[in-house]
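Reviewing the structure listed below.
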Amino acid sequence: MDEKIQEKVAMSMPRIGDPAPAFKAVTTQGEINFPADYKGNWVILFSHPADFTPVCTSEFMTFATMEKKFNEANCKLVGLSVDGLYSHIAWLRTIKEKIEYKGMKNVEVTFPLIEDITMEVANKYGMIQPGEATTKAVRAVFYIDPKGIIRTIIYYPLSLGRNFDELYRVLIGLQAADEFGVAMPADWRPGDDVIVPTAGSCGTAKERMESKGEMTCHDWFFCTKKLDEDKVWKAVLKK
Ligand code: BEZ
(Lines give C-alpha, C1' and ligand atoms only; values in the text may rest on other atoms or scores of the structure.)
Protein backbone atom coordinates (compact mmCIF):
# COMPACT_ATOMS: atom_id res chain seq x y z
CA MET A 1 0.00 0.00 0.00
CA ASP A 2 1.07 3.56 -0.77
CA GLU A 3 2.83 5.01 2.30
CA LYS A 4 0.61 8.11 2.43
CA ILE A 5 -2.60 6.02 2.35
CA GLN A 6 -1.16 3.74 5.02
CA GLU A 7 -0.43 6.78 7.20
CA LYS A 8 -3.97 8.15 6.68
CA VAL A 9 -5.57 4.81 7.58
CA ALA A 10 -3.45 4.55 10.71
CA MET A 11 -4.34 8.11 11.73
CA SER A 12 -8.08 7.51 11.39
CA MET A 13 -7.98 4.55 13.74
CA PRO A 14 -9.47 5.31 17.15
CA ARG A 15 -7.24 4.64 20.10
CA ILE A 16 -7.69 3.48 23.67
CA GLY A 17 -8.80 6.48 25.72
CA ASP A 18 -10.56 8.20 22.79
CA PRO A 19 -14.31 8.89 22.87
CA ALA A 20 -16.06 6.24 20.75
CA PRO A 21 -16.75 7.79 17.32
CA ALA A 22 -20.48 8.56 17.03
CA PHE A 23 -22.74 7.24 14.27
CA LYS A 24 -26.36 6.42 13.48
CA ALA A 25 -27.01 3.06 11.85
CA VAL A 26 -29.65 0.59 10.73
CA THR A 27 -29.42 -2.75 12.52
CA THR A 28 -31.31 -6.03 12.72
CA GLN A 29 -32.95 -4.62 15.89
CA GLY A 30 -33.87 -1.21 14.44
CA GLU A 31 -31.98 2.07 14.27
CA ILE A 32 -29.31 2.92 16.81
CA ASN A 33 -27.62 6.16 17.78
CA PHE A 34 -24.17 5.12 18.93
CA PRO A 35 -22.80 5.48 21.59
CA ALA A 36 -25.55 7.74 23.02
CA ASP A 37 -28.13 4.91 23.21
CA TYR A 38 -25.71 2.91 25.35
CA LYS A 39 -24.82 5.53 27.96
CA GLY A 40 -24.46 3.87 31.37
CA ASN A 41 -23.64 0.46 29.87
CA TRP A 42 -20.44 -1.14 28.75
CA VAL A 43 -20.61 -2.06 25.07
CA ILE A 44 -18.64 -4.47 22.97
CA LEU A 45 -18.77 -3.24 19.37
CA PHE A 46 -17.34 -5.92 17.14
CA SER A 47 -16.98 -6.46 13.42
CA HIS A 48 -16.91 -9.60 11.35
CA PRO A 49 -15.79 -10.03 7.73
CA ALA A 50 -18.97 -11.34 6.09
CA ASP A 51 -22.33 -13.00 6.61
CA PHE A 52 -22.73 -16.65 5.55
CA THR A 53 -19.10 -17.52 6.29
CA PRO A 54 -18.07 -20.35 8.61
CA VAL A 55 -15.76 -18.69 11.12
CA CYS A 56 -18.21 -15.79 11.56
CA THR A 57 -21.09 -18.24 12.01
CA SER A 58 -19.22 -20.08 14.76
CA GLU A 59 -18.44 -16.74 16.42
CA PHE A 60 -22.03 -15.47 16.27
CA MET A 61 -23.38 -18.69 17.71
CA THR A 62 -20.86 -18.49 20.56
CA PHE A 63 -21.47 -14.82 21.28
CA ALA A 64 -25.26 -15.23 21.17
CA THR A 65 -25.04 -18.20 23.54
CA MET A 66 -22.94 -16.14 25.97
CA GLU A 67 -24.93 -12.91 25.61
CA LYS A 68 -26.75 -13.30 28.95
CA LYS A 69 -23.39 -13.49 30.77
CA PHE A 70 -22.22 -10.28 29.12
CA ASN A 71 -25.55 -8.55 29.84
CA GLU A 72 -25.35 -9.57 33.50
CA ALA A 73 -22.01 -7.74 33.63
CA ASN A 74 -23.78 -4.59 32.35
CA CYS A 75 -22.46 -5.07 28.83
CA LYS A 76 -24.39 -4.90 25.55
CA LEU A 77 -23.19 -6.49 22.34
CA VAL A 78 -23.32 -4.77 18.94
CA GLY A 79 -22.09 -6.48 15.78
CA LEU A 80 -21.20 -5.06 12.37
CA SER A 81 -20.27 -6.21 8.90
CA VAL A 82 -20.23 -4.43 5.57
CA ASP A 83 -23.14 -6.61 4.37
CA GLY A 84 -26.68 -5.28 3.94
CA LEU A 85 -29.66 -5.65 6.25
CA TYR A 86 -31.42 -8.38 4.23
CA SER A 87 -28.25 -10.45 4.13
CA HIS A 88 -27.95 -10.06 7.91
CA ILE A 89 -31.58 -11.10 8.45
CA ALA A 90 -31.25 -14.11 6.14
CA TRP A 91 -28.01 -15.22 7.80
CA LEU A 92 -29.38 -14.92 11.34
CA ARG A 93 -32.49 -16.87 10.28
CA THR A 94 -30.28 -19.59 8.81
CA ILE A 95 -28.25 -19.77 12.02
CA LYS A 96 -31.43 -20.22 14.08
CA GLU A 97 -33.20 -22.63 11.78
CA LYS A 98 -30.44 -24.78 10.34
CA ILE A 99 -27.09 -24.65 12.07
CA GLU A 100 -26.05 -27.03 14.79
CA TYR A 101 -22.49 -26.64 16.02
CA LYS A 102 -20.66 -27.86 19.14
CA GLY A 103 -23.92 -28.54 20.98
CA MET A 104 -25.37 -25.14 20.07
CA LYS A 105 -28.59 -25.16 18.09
CA ASN A 106 -31.69 -22.98 17.65
CA VAL A 107 -29.45 -20.05 18.45
CA GLU A 108 -31.25 -16.74 18.18
CA VAL A 109 -29.07 -13.66 17.78
CA THR A 110 -30.96 -10.92 19.58
CA PHE A 111 -28.22 -8.28 19.79
CA PRO A 112 -28.14 -5.71 16.96
CA LEU A 113 -26.11 -6.38 13.84
CA ILE A 114 -25.29 -3.15 11.96
CA GLU A 115 -25.57 -2.96 8.18
CA ASP A 116 -22.64 -0.99 6.85
CA ILE A 117 -22.61 -1.30 3.07
CA THR A 118 -21.05 2.15 2.71
CA MET A 119 -18.30 1.14 5.20
CA GLU A 120 -18.86 4.44 6.99
CA VAL A 121 -18.79 2.94 10.46
CA ALA A 122 -16.11 0.38 9.62
CA ASN A 123 -13.83 3.16 8.35
CA LYS A 124 -14.48 5.36 11.38
CA TYR A 125 -13.38 2.53 13.63
CA GLY A 126 -10.41 1.36 11.55
CA MET A 127 -12.10 -1.99 10.96
CA ILE A 128 -11.06 -2.06 7.29
CA GLN A 129 -7.40 -2.95 7.25
CA PRO A 130 -6.37 -3.02 3.59
CA GLY A 131 -3.32 -5.21 4.08
CA GLU A 132 -5.74 -7.95 5.26
CA ALA A 133 -8.82 -7.20 3.08
CA THR A 134 -10.11 -4.12 1.25
CA THR A 135 -13.76 -5.17 1.02
CA LYS A 136 -14.27 -6.79 4.41
CA ALA A 137 -13.84 -5.76 8.02
CA VAL A 138 -11.29 -7.60 10.13
CA ARG A 139 -12.44 -9.16 13.41
CA ALA A 140 -12.22 -6.02 15.56
CA VAL A 141 -13.42 -5.79 19.16
CA PHE A 142 -13.94 -2.42 20.86
CA TYR A 143 -14.76 -2.17 24.57
CA ILE A 144 -16.56 1.09 25.29
CA ASP A 145 -17.22 2.12 28.88
CA PRO A 146 -20.41 3.61 30.34
CA LYS A 147 -19.07 7.12 29.63
CA GLY A 148 -18.50 6.33 25.94
CA ILE A 149 -14.70 5.99 26.14
CA ILE A 150 -12.83 3.26 24.26
CA ARG A 151 -11.05 1.15 26.86
CA THR A 152 -9.68 -1.83 24.93
CA ILE A 153 -9.23 -2.69 21.26
CA ILE A 154 -8.46 -6.19 20.01
CA TYR A 155 -7.99 -7.19 16.38
CA TYR A 156 -7.99 -10.67 14.90
CA PRO A 157 -7.38 -11.58 11.26
CA LEU A 158 -9.97 -13.14 8.96
CA SER A 159 -8.62 -16.64 9.44
CA LEU A 160 -8.79 -16.85 13.24
CA GLY A 161 -11.98 -16.96 15.29
CA ARG A 162 -12.00 -14.99 18.54
CA ASN A 163 -11.60 -16.51 22.01
CA PHE A 164 -14.84 -15.57 23.78
CA ASP A 165 -13.63 -16.60 27.23
CA GLU A 166 -10.87 -14.03 26.78
CA LEU A 167 -13.38 -11.39 25.59
CA TYR A 168 -15.36 -12.01 28.80
CA ARG A 169 -12.20 -12.00 30.97
CA VAL A 170 -11.22 -8.61 29.53
CA LEU A 171 -14.65 -7.15 30.39
CA ILE A 172 -14.45 -8.39 33.98
CA GLY A 173 -10.81 -7.28 34.30
CA LEU A 174 -11.56 -3.75 33.08
CA GLN A 175 -14.47 -3.36 35.47
CA ALA A 176 -12.58 -4.79 38.44
CA ALA A 177 -9.52 -2.60 37.74
CA ASP A 178 -11.79 0.49 37.75
CA GLU A 179 -13.74 -0.53 40.82
CA PHE A 180 -10.77 -1.42 43.02
CA GLY A 181 -8.12 0.98 41.64
CA VAL A 182 -5.71 -1.85 40.86
CA ALA A 183 -4.11 -3.43 37.79
CA MET A 184 -4.31 -7.02 36.69
CA PRO A 185 -1.23 -9.21 36.11
CA ALA A 186 -0.70 -11.63 33.25
CA ASP A 187 -3.49 -14.18 32.88
CA TRP A 188 -5.47 -12.65 35.78
CA ARG A 189 -8.79 -14.23 36.61
CA PRO A 190 -11.24 -13.31 39.39
CA GLY A 191 -9.78 -14.60 42.68
CA ASP A 192 -6.15 -14.09 41.63
CA ASP A 193 -3.95 -11.49 43.33
CA VAL A 194 -3.95 -8.00 41.78
CA ILE A 195 -1.27 -5.35 41.36
CA VAL A 196 -1.21 -2.32 43.64
CA PRO A 197 -0.35 1.00 41.92
CA THR A 198 3.43 1.51 41.87
CA ALA A 199 4.89 3.51 44.74
CA GLY A 200 5.16 7.17 43.74
CA SER A 201 7.84 8.22 46.23
CA CYS A 202 11.01 6.84 47.80
CA GLY A 203 9.24 6.85 51.18
CA THR A 204 6.36 4.70 49.95
CA ALA A 205 8.78 2.38 48.16
CA LYS A 206 10.75 1.89 51.42
CA GLU A 207 7.59 1.41 53.48
CA ARG A 208 6.30 -1.23 51.12
CA MET A 209 9.54 -3.18 51.11
CA GLU A 210 9.71 -3.10 54.92
CA SER A 211 6.06 -3.63 55.82
CA LYS A 212 4.52 -6.99 56.59
CA GLY A 213 1.00 -5.83 55.68
CA GLU A 214 -1.53 -7.11 53.17
CA MET A 215 0.85 -6.68 50.21
CA THR A 216 3.44 -9.00 48.80
CA CYS A 217 6.24 -6.97 47.25
CA HIS A 218 8.39 -8.77 44.71
CA ASP A 219 10.31 -5.50 44.50
CA TRP A 220 9.42 -1.90 45.39
CA PHE A 221 7.68 -1.34 42.04
CA PHE A 222 5.87 -4.69 41.90
CA CYS A 223 3.48 -5.28 44.79
CA THR A 224 0.42 -7.51 44.76
CA LYS A 225 -2.47 -8.05 47.15
CA LYS A 226 -5.43 -10.37 47.48
CA LEU A 227 -8.75 -9.47 45.91
CA ASP A 228 -11.42 -11.99 46.82
CA GLU A 229 -13.30 -13.53 43.93
CA ASP A 230 -16.60 -12.80 45.70
CA LYS A 231 -15.80 -9.09 45.84
CA VAL A 232 -15.03 -9.01 42.12
CA TRP A 233 -18.29 -10.72 41.13
CA LYS A 234 -20.27 -8.60 43.58
CA ALA A 235 -18.87 -5.43 42.00
CA VAL A 236 -19.27 -6.57 38.42
CA LEU A 237 -22.65 -8.26 38.71
CA LYS A 238 -23.94 -5.65 41.22
CA LYS A 239 -25.18 -8.43 43.49
C1 BEZ B 1 -15.11 -16.85 7.79
O2 BEZ B 1 -15.77 -16.24 8.62
O3 BEZ B 1 -15.15 -18.06 7.68
C4 BEZ B 1 -14.24 -16.07 6.86
C5 BEZ B 1 -14.62 -14.82 6.43
C6 BEZ B 1 -13.83 -14.13 5.56
C7 BEZ B 1 -12.64 -14.67 5.13
C8 BEZ B 1 -12.22 -15.91 5.60
C9 BEZ B 1 -13.04 -16.61 6.47
Side-chain angles (χ1 to χ4, degrees), residues 1-2 5-6 8-10 12-14 20-21 23 25-29 32 34 43-71 75-144 150 152-171:
M1 200 191 343
D2 179 278
I5 299 176
Q6 211 159 9
K8 212 169 148 204
V9 169
S12 70
M13 290 176 72
F23 61 84
V26 170
T27 83
T28 49
Q29 300 292 326
I32 59 169
F34 196 91
V43 189
I44 294 180
L45 172 66
F46 69 100
S47 57
H48 70 275
D51 298 345
F52 292 102
T53 51
V55 179
C56 299
T57 300
S58 69
E59 290 191 318
F60 262 66
M61 293 181 80
T62 308
F63 230 168
T65 304
M66 291 175 74
E67 185 186 9
K68 191 164 172 271
K69 260 177 90 165
F70 282 87
N71 289 168
C75 180
K76 308 272 190 211
L77 308 178
V78 180
L80 173 148
S81 82
V82 300
D83 298 288
L85 182 64
Y86 299 134
S87 164
H88 283 347
I89 293 170
W91 181 45
L92 300 187
R93 284 175 63 89
T94 302
I95 286 176
K96 175 154 169 49
E97 287 163 13
K98 299 197 180 135
I99 312 283
E100 192 172 339
Y101 174 70
K102 281 196 167 175
M104 297 180 279
K105 64 178 185 179
N106 268 319
V107 175
E108 187 157 10
V109 175
T110 54
F111 55 79
L113 175 50
I114 296 169
E115 78 152 359
D116 192 29
I117 304 174
T118 61
M119 299 191 184
E120 188 196 327
V121 180
N123 278 320
K124 265 188 183 174
Y125 276 82
M127 292 164 171
I128 306 294
Q129 304 198 358
E132 178 74 347
T134 49
T135 57
K136 293 175 172 64
V138 294
R139 301 181 198 281
V141 189
F142 288 83
Y143 290 77
I144 297 159
I150 296 173
T152 297
I153 305 172
I154 308 176
Y155 293 110
Y156 291 70
L158 304 190
S159 57
L160 180 66
R162 285 163 272 219
N163 180 318
F164 289 84
D165 289 333
E166 170 63 1
L167 299 191
Y168 186 66
R169 188 191 77 94
V170 170
L171 176 70

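Counting starts at 1 for both ligands and their atoms, in listed order.
- The contact set between ligand 1 and C56, taken as ligand atoms under 4.0 Å from a residue heavy atom, comprises 1 (C), 2 (O).
- For atom 3 (O) of ligand 1, the nearest protein heavy atom (residue, atom name, distance) is V55 N, 2.7 Å.
- Residue-level proximity to ligand 1 for P49 is carried by the side chain, the only part with a heavy atom below 4.0 angstrom.
- The closest protein non-hydrogen atom to atom 9 (C) of ligand 1 is L158 O, 3.9 Å.
- A donor-acceptor contact shorter than 3.5 Å links the side chain of R162 to the backbone of A140.
- In terms of modelled atom types and a separation under 3.5 Å, the side chain of H88 and the main chain of I114 share a donor-acceptor contact.
- Note on ligand 1: P54 sits in its first shell, one or more heavy atoms being nearer than 4.0 Å.
- Both the sub-6.0 Å distance and the 45° axial angle are satisfied by K69 relative to the ring of Y168.
- Q29 places a side-chain N or O within donor-acceptor distance of the main-chain N or O of T110, the cut-off being under 3.5 Å.
- Taking a cut-off of under 4.0 Å to the non-hydrogen atoms of T53, the atoms of ligand 1 that pass are 1 (C), 2 (O), 3 (O), 4 (C), 5 (C).
- Aromatic ring centroids of F164 and F46 lie 6.0 Å or more apart.
- Using a 30° and 60° split on the angle between ring planes, F52 and W91 fall in the tilted class, from 30° to 60°.
- Heavy atoms of R139 found under 4.0 angstrom from ligand 1 belong exclusively to the side chain.
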